[in-house]
Engineer: 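Below: one structure in structure tokens.
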Amino acid sequence: MANELGNISSTSFREQAARAIRRAIFTGKIAPGVLYSVSALSGQLGVSATPVREAMLDLVSEGLVVAVRSRGYRVVDLTPQDLDHILRLRVLLEVPTSGEIAESRNDDDLPRLLDLAARLPDLATSGDYETYLENDQEFHLGLLALSGNPRLVSIVEKLRNQTRIFDVSKLAASGGLAGSAHEHLEIMKAIRDRDRPRTEELVEHHILRSRRAWPAEKAAGS
């Protein structure tokens with residue numbers, strides 16, 4: 001994994017380190033079951049140990065990694081039950097909120113979201129998973145931000161990040177990522193049509209795709 005995280009060059013080293021490590025977790029460069037020391041991660045990021053240690057504490061609070069006393073950190077190994085709990089919460093929060101947005105949205109809200117939705121299918125097939133994940137997150141959080149409820153957006157962001165521990169490249173290899181990418185355009189069509197029932201149906205289906213794509217070997221052990 002050496003040099004795969006890239007170098008950090010920002011005044012907010014803690015935030016930048018956390019962002020880089022999150023990306024590495026979501027793309028499988030940092031894998032569940034492997035112990036990572038702060039010194040090793042700081043060398044790969046090109047920053048001192050302090051912001052990396054602080055970043056890892058942030059990721060612990062987000063439910064992405066666990067601390068192993070005096071040894072380092074390990075990515076959380078989600079069980080099927082863990083995923084079910086997370087997705088249930090997302091359905092409860094995102095589905096009705098998206099339906100409300102479909103009813104109340106302004107035309108000015110749509111162009112940026114439509115642009116993000118249109119980019120995702122090509123990104124899903126390009127292999128540029130980091131950019132795909134960034135655009136996907138921007139789409140979903142941008143949509144929810146139209147609710148005017150920043151607390152809801154913050155909670156959903158953490159829940160979404162936890163479901164992304166399942167390596168996105170595996171989802172792409174199974175064909176699931178391309179299907180997920182096209183669903184964003186369907187969601188936007190329903191929102192553009194102010195069709196609340198259809199919007200809620202599509203958003204719930206989109207959220208639960210994560211469960212259907214869960215690795216068979218993990219599902220068998222549930």
Side-chain angles (χ1 to χ4, degrees), residues 1 17-38 41 53-69 71-98 124 129-130 132-134 136-141 143-144 149 151-177 179-181 183-184 187 200-222:
M1 193 180 65
R19 187 178 304 163
I21 295 167
R22 268 192 223 98
R23 285 199 304 264
I25 292 171
F26 300 156
T27 56
K29 294 174 183 175
I30 292 179
V34 180
L35 194 66
Y36 295 91
S37 68
V38 168
L41 290 171
R53 186 175 295 107
E54 293 171 343
M56 295 306 287
L57 293 176
D58 292 338
L59 298 181
V60 168
S61 70
E62 293 174 17
L64 295 180
V65 301
V66 292
V68 180
R69 186 178 179 85
R71 297 179 63 195
Y73 296 87
R74 187 172 57 232
V75 176
V76 170
D77 191 10
L78 287 183
T79 68
Q81 186 178 44
D82 292 331
L83 185 62
D84 286 339
H85 292 165
I86 294 167
L87 296 180
R88 177 60 178 162
L89 287 171
R90 286 189 55 195
V91 166
L92 290 171
L93 293 171
E94 294 181 61
V95 170
T97 302
S98 299
Y129 301 132
E130 290 187 8
Y132 177 91
L133 290 172
E134 289 171 1
D136 178 64
Q137 188 84 320
E138 186 177 351
F139 172 86
H140 285 284
L141 299 185
L143 174 60
L144 293 174
N149 187 339
R151 288 181 176 84
L152 180 143
V153 175
S154 177
I155 291 169
V156 170
E157 181 178 13
K158 288 184 179 180
L159 293 172
R160 285 178 53 79
N161 284 344
Q162 289 172 21
T163 63
R164 287 176 164 185
I165 290 173
F166 173 39
D167 181 358
V168 69
S169 65
K170 295 176 183 175
L171 182 60
S174 72
L177 192 64
S180 178
E183 288 172 1
H184 298 84
I187 291 169
E200 293 183 347
E201 176 188 1
L202 289 168
V203 170
E204 181 168 359
H205 177 84
H206 186 68
I207 291 170
L208 295 180
R209 178 181 282 276
S210 298
R211 188 62 178 93
R212 296 188 296 273
W214 194 244
E217 65 271 19
K218 285 186 173 290
S222 61

Engineer: Does the Asp136 side chain pair with the main chain of Leu133, one donor and one acceptor, at a distance under 3.5 Å?
Structural biologist: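 Not a single qualifying donor-acceptor pair exists.
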Engineer: Heavy atoms, side chains only, cut-off 4.5 Å: are Val156 and His140 in contact?
Structural biologist: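 No; the side chains remain at least 4.5 Å from each other.
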Engineer: Do Lys29 and Glu130 pass the salt bridge (Lys or Arg N to Asp or Glu O under 4.0 Å) test, and can you show the C-alpha distance, the side-chain angles, and the key distance before you say yes or no?
Structural biologist: CA-CA 11 Å; Lys29 294 174 183 175; Glu130 290 187 8; 3.1 Å; yes
Engineer: Are Ser180 and His206 close enough, and set up right, to give a side-chain contact (heavy atoms from CB on, under 4.5 Å), and what steps lead you there?
Structural biologist: CA-CA 7 Å; Ser180 178; His206 186 68; 3.1 Å; yes
Engineer: Assess, by modelled atom type and distance only, whether the side chains of Ser61 and Asp58 contain a donor and an acceptor separated by less than 3.5 Å.
Structural biologist: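 Absent: no donor and acceptor within the cut-off.
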Engineer: Quick one: are Val34 and Arg74 in side-chain contact, heavy atoms under 4.5 Å?
Structural biologist: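 Counting from C-beta outward, Val34 and Arg74 never come under 4.5 Å.
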Engineer: Taking all non-hydrogen atoms of both residues, which atom of Asp77 and which atom of Pro32 are closest, and how far apart?
Structural biologist: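 Closest pair (atom of Asp77, atom of Pro32, distance): OD1-CB, 4.4 Å.
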Engineer: Does any non-hydrogen side-chain atom of Leu144 lie less than 4.5 Å from one of Ser98?
Structural biologist: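 Yes, close enough: below the 4.5 Å cut-off.
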Engineer: Kindly indicate whether the side chain of Gln162, heavy atoms from C-beta on, has any atom under 4.5 Å from the side chain of Glu62.
Structural biologist: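 SC-SC contact between Gln162 and Glu62 ruled out.
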Engineer: In terms of ring plane angle, is the pair Tyr132 and His184 parallel, tilted or perpendicular, where the classes change at 30° and 60°?
Structural biologist: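 Rings of Tyr132 and His184: perpendicular, over 60°.
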Engineer: Could you tell me which non-hydrogen atom of Ile86 sits nearest to which non-hydrogen atom of Leu159, and how far apart they are?
Structural biologist: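 Heavy atoms of Ile86 and Leu159 come nearest at CG2-O, 3.5 Å.
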Engineer: Find the distance between OG1 (Thr97) and CD (Glu200) and round it off to the nearest 0.5 Å.
Structural biologist: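 Rounded to the nearest 0.5 Å, the OG1-CD separation comes out at 9.0 Å.
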Engineer: For the residue pair Ala18 and Ala55, what are the closest heavy atoms and their distance?
Structural biologist: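 Nearest pair, atom of Ala18 first, then Ala55: N-CB, 3.6 Å.
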Engineer: Between Val38 and Tyr73, is any pair of side-chain heavy atoms under 4.5 Å apart?
Structural biologist: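 Yes; the side chains approach each other to less than 4.5 Å.
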Engineer: Indicate yes or no: at least one non-hydrogen side-chain atom of Ile25 is less than 4.5 angstrom from one of Val65.
Structural biologist: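 Ile25 reaches Val65 side chain to side chain.
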Engineer: Would you call Ile30 and Leu41 a side-chain contact if the rule is heavy atoms closer than 4.5 Å?
Structural biologist: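 With C-beta onward as the side chain, the pair touches.
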Engineer: Do Tyr36 side-chain atoms and Ala31 backbone N/O form a donor-acceptor pair below 3.5 Å?
Structural biologist: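 Here the side-chain-to-backbone pair exists.
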Engineer: Can you give me the closest heavy-atom contact between Val60 and Ala67, atom names plus distance?
Structural biologist: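 So the minimum-distance heavy-atom pair works out to CG2-N, 4.3 Å.
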Engineer: Output the distance between atom CG (Leu93) and atom CZ (Arg88), rounded to the nearest 0.5 Å.
Structural biologist: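 Here the interatomic distance stands at 10.5 Å.
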Engineer: Taking all atoms of both residues into account, what is the closest heavy-atom pair of Glu183 and Arg209, and its distance?
Structural biologist: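 For Glu183 and Arg209, the tightest heavy-atom pair comes out as OE2-NH2, 2.6 Å.
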Engineer: Would you give the length of the straight line joining atom CZ of Arg71 to atom CG of Leu35, rounded to the nearest 0.5 angstrom?
Structural biologist: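 Here the rounded value is 5.0 Å.
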Engineer: Which one of Arg22, Met56, Lys158 satisfies the side-chain contact (heavy atoms from CB on, under 4.5 Å) criterion with Leu64?
Structural biologist: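 Answer to the side-chain contact (heavy atoms from CB on, under 4.5 Å) test with Leu64 among Arg22, Met56, Lys158: Arg22.
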Engineer: Would you say Arg23 and Arg19 make side-chain contact, with heavy atoms under 4.5 Å?
Structural biologist: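 Heavy-atom side-chain distance check passes, below 4.5 Å.
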Engineer: Between the main-chain N or O of Glu204 and the side-chain N or O of Glu94, is there a donor-acceptor pair closer than 3.5 Å?
Structural biologist: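 Pair absent, no side-chain N/O of Glu94 close to backbone of Glu204.
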Engineer: Can you tell me if Asn161 and Gln137 form a side-chain donor-acceptor pair at under 3.5 Å?
Structural biologist: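 Short answer, yes.
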Engineer: Distance check, rounded to the nearest 0.5 Å: His85 atom NE2 versus Leu78 atom CG?
Structural biologist: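 Spacing of NE2 (His85) from CG (Leu78) equals 11.5 Å.
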Engineer: First locate atom CD1 of Ile207, then atom OG1 of Thr163, and finally report the distance between them rounded to the nearest 0.5 Å.
Structural biologist: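 Result: 9.5 Å between the selected atoms.
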